[in-house]
Q: 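The structure follows.
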Amino acid sequence: MTREAAIVGAGIMGLTAAHALSLRGVRVTVYERDVETGRGCSWWAGGMLALWCEMESAEPLIGTLGLESLAYWRRYFPGVVNKGSLVVAPPRDTPDLKRFAARTSHFEWIDRNKIAELEPDLAGRFETALFFAEEAHLNPRDALAFLRKTLETEFEVRFELSTTIQPEALKVDAVLDCRGLEARDALPDLRGVKGEMVILKTKDITLSRPVRLLHPRIPVYLVPRADNHVMVGATMIESGDRTRFSARSMMELLNAAYAIHPGFGEAEIVETGTDVRPAFPDNLPRVRRDGNILRLNGLYRHGYLGAPALARRAAEMIVDGKAFPEVER
Ligand SMILES: Cc1cc2nc3c(=O)[nH]c(=O)nc-3n(C[C@H](O)[C@H](O)[C@H](O)COP(=O)(O)OP(=O)(O)OC[C@H]3O[C@@H](n4cnc5c(N)ncnc54)[C@H](O)[C@@H]3O)c2cc1C
């Protein structure tokens, strides 16, 4: 019987796994190399829980995991904003909007009046849009902090700072390797997909929900945050380099924000960031068994949409001996 588990990595994968195991009565210790929790890739995410939009390019498994994860966030995290999301395109790109609509579901076509009703500051800017009313969003940094506090106060999960720990060195019933891209030593088919993002601040434009602009190269979106902040993300570049933010990426992100509303031209740039999404060749997440180690990885651009559902499966594999072929690859 599994009484004690260790988790290496306190990103969204490690924290949701710690939660899933704690809910099943397992005593958990989390090892993280950073002083601050979740300062890896999870820190930079947009926090869109946009599973129906994602189906435009993602496999059906993301829809299954996403539906479960959306329910998880709504149940456990009070910071979920349930206002749906909008997809817009400049008039010349209306065919792209139609193509997007043909590949997705759970939306309604809305006209300029409805756009103005939902987002008054976008009044007159777009003739038509897709409104995905059932989608939601959250602030990833708040979600990471909330999970850590919940784990420490409600479940007495221990957090250990360690820069050298390796999953293979831990002697407990079960070990969960949630090191993100750092797990490439054990998962050679893991690769990095770099993402860059900008946070703008302006009092002139208020958005209530994420707005996605169809763009020929990158799926650009704006996600509102508290205190007049808006996250503009995110590039998708095949690269493991988490440091360099290119001028081209900055121009594309800011151009997209400007196309949604020229008022963003006057906004203050309060933060820029880059990190690398861990991804397998098919961009689908996995749980890989390796003795008493389970390696949970490959969340790609679906960290918040995938982690809770992957974590629940991993907990049931450990506690109940269940198998989940859809993610055990
Ligand atoms: C710009 C951008 C925007 C994104 N937007 C979204 C979005 O809107 N919605 C969404 O769902 N996803 C989004 N994502 C994807 C999401 O951020 C990732 O899928 C997710 O963060 C991966 O989580 P993880 O826990 O596997 O990895 P990480 O967050 O990288 O966590 C791994 C942790 O392990 C620690 N670690 C590594 N090695 C060791 C070791 N040896 N010992 C101890 N600790 C170790 C690291 O310090 C880190 O804290 C975005 C990503 C980027 C970059």
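All values below come from the heavy atoms of this structure, side chains included, with hydrogens, waters and symmetry mates left out. The shown structure was predicted, so the numbers you read here are calculated from the model rather than taken from an experiment. All ligand and atom numbering here is 1-based and tracks the order in the structure.
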Q: Is there a chain of hydrophobic side chains (I, L, V, M, F, W, Y, each step under 4.5 Å between heavy atoms) that links Leu151 to Leu161?
A: no
Q: Report the residues that fulfil side chain to side chain contact (heavy atoms under 4.5 Å, CB included) with Ile62, sequence neighbours left out, ordered by chain and then residue number.
A: Ala58, Leu284, Pro285, His302
Q: Just jot down the ligand 1 atoms closer than 4.0 angstrom to any heavy atom of Tyr31, in number order.
A: 43 (C), 44 (N)
Q: Would you say the rings of Phe132 and Phe107 are close, in the sense that their centroids are separated by under 6.0 Å?
A: yes
Q: Supply the atom-to-atom distance Leu310 CG to Ile12 CD1, rounded to the nearest 0.5 angstrom.
A: 12.0 Å
Q: Counting both backbone and side chain atoms, is some N or O of Met13 under 3.5 Å from an N or O of ligand 1?
A: yes
Q: Report the member of Arg277, His302, Met48 with the shortest heavy-atom distance to atom 52 (C) of ligand 1.
A: Arg277
Q: Provide, to 0.1 Å, the distance between atom 18 (C) of ligand 1 and the closest protein heavy atom, together with that atom's residue and name.
A: Tyr300 O, 3.5 Å
Q: Does any N or O of ligand 1 fall below 3.5 Å from an N or O anywhere on Tyr304, backbone included?
A: yes
Q: Among Lys201, Arg225, Arg141, which residue satisfies the salt bridge (Lys or Arg N to Asp or Glu O under 4.0 Å) criterion with Glu271?
A: Arg141
Q: Among protein heavy atoms, which sits nearest to atom 34 (O) of ligand 1, and what does the distance come to when rounded to 0.1 Å?
A: Gly9 CA, 3.2 Å
Q: Which residue and atom name correspond to the protein heavy atom nearest atom 5 (N) of ligand 1, and how close is it?
A: Gly46 N, 3.0 Å
Q: Give the numbers and elements of all ligand 1 atoms closer than 4.0 Å to a heavy atom of Leu305.
A: 11 (O)
Q: Given 3.5 Å as the limit, does a donor-acceptor pair link the side chain of Thr272 with the main chain of Val198, or not?
A: no
Q: Has ligand 1 got any nitrogen or oxygen that is less than 3.5 angstrom from a nitrogen or oxygen of Arg39?
A: no
Q: Please determine if Glu182 and Arg33 form a salt bridge, counting it only when a charged side-chain N lies under 4.0 Å from a carboxylate O.
A: yes
Q: Using a strict 4.0 Å cut-off to heavy atoms of Ser162, name the atoms of ligand 1 that fall inside it.
A: 42 (N), 43 (C)
Q: Identify the protein heavy atom lying closest to atom 27 (O) of ligand 1, giving its residue, its atom name and the separation to 0.1 Å.
A: Gly180 CA, 3.7 Å
Q: Measure the distances from the heavy atoms of Tyr221 to every atom of ligand 1 and state whether one is below 4.0 angstrom.
A: yes
Q: Give me the residue, atom name and distance of the protein heavy atom closest to atom 23 (O) of ligand 1.
A: Ser42 OG, 3.3 Å
Q: For atom 49 (O) of ligand 1, find the nearest protein heavy atom and state the residue, atom name and distance (0.1 Å precision).
A: Glu32 OE1, 2.7 Å
Q: Do Asp96 and Arg99 meet the salt-bridge criterion of a basic N to acidic O distance under 4.0 Å?
A: yes
Q: Is any side-chain N of the basic residue among Arg288 and Asp177 closer than 4.0 Å to the acidic one's carboxylate O?
A: no
Q: Return the closest protein heavy atom for atom 31 (O) of ligand 1 as residue, atom name and distance.
A: Gly11 CA, 3.4 Å
Q: Just jot down the ligand 1 atoms closer than 4.0 angstrom to any heavy atom of Ile12, in number order.
A: 23 (O), 25 (O)
Q: Is Val8 near ligand 1, meaning one of its heavy atoms is under 4.0 Å from it?
A: yes
Q: Out of Gly195, Gly47, Ala45, Cys178, who gets a non-hydrogen atom closest to atom 3 (C) of ligand 1?
A: Ala45
Q: When the ring planes of His106 and Trp52 are compared, do they come out parallel, tilted or perpendicular, using 30° and 60° as the limits?
A: parallel
Q: Any atoms of ligand 1 less than 4.0 Å from a non-hydrogen atom of Ala234? List them with their elements.
A: 1 (C), 3 (C)
Q: Determine, considering heavy atoms only, which of Glu36, Arg301, Glu160 sits nearest to atom 12 (N) of ligand 1.
A: Arg301
Q: Begin from the C-alpha positions of Thr150 and Ser22 and carry the test side chain to side chain contact (heavy atoms under 4.5 Å, CB included) through to its verdict.
A: CA-CA 10 Å; Thr150 302; Ser22 299; over 6 Å; no
Q: Between Glu326 and Arg313, does at least one N-O distance fall below 4.0 Å, as a salt bridge requires?
A: yes
Q: Who's the nearest protein heavy-atom neighbour of atom 41 (N) of ligand 1, and how far?
A: Ile165 O, 3.3 Å
Q: Under the salt bridge (Lys or Arg N to Asp or Glu O under 4.0 Å) test, which residues partner Glu135, sequence neighbours left out?
A: none
Q: Under 3.5 Å between any N/O of Arg33 and any N/O of ligand 1: does that happen in this structure?
A: yes
Q: Which atoms of ligand 1 have any heavy atom of Glu182 under 4.0 Å away?
A: 37 (C), 38 (N)
Q: Just jot down the ligand 1 atoms closer than 4.0 angstrom to any heavy atom of Trp44, in number order.
A: 1 (C), 2 (C), 3 (C)
Q: Any N or O on Val276 sitting closer than 3.5 Å to an N or O of ligand 1?
A: no
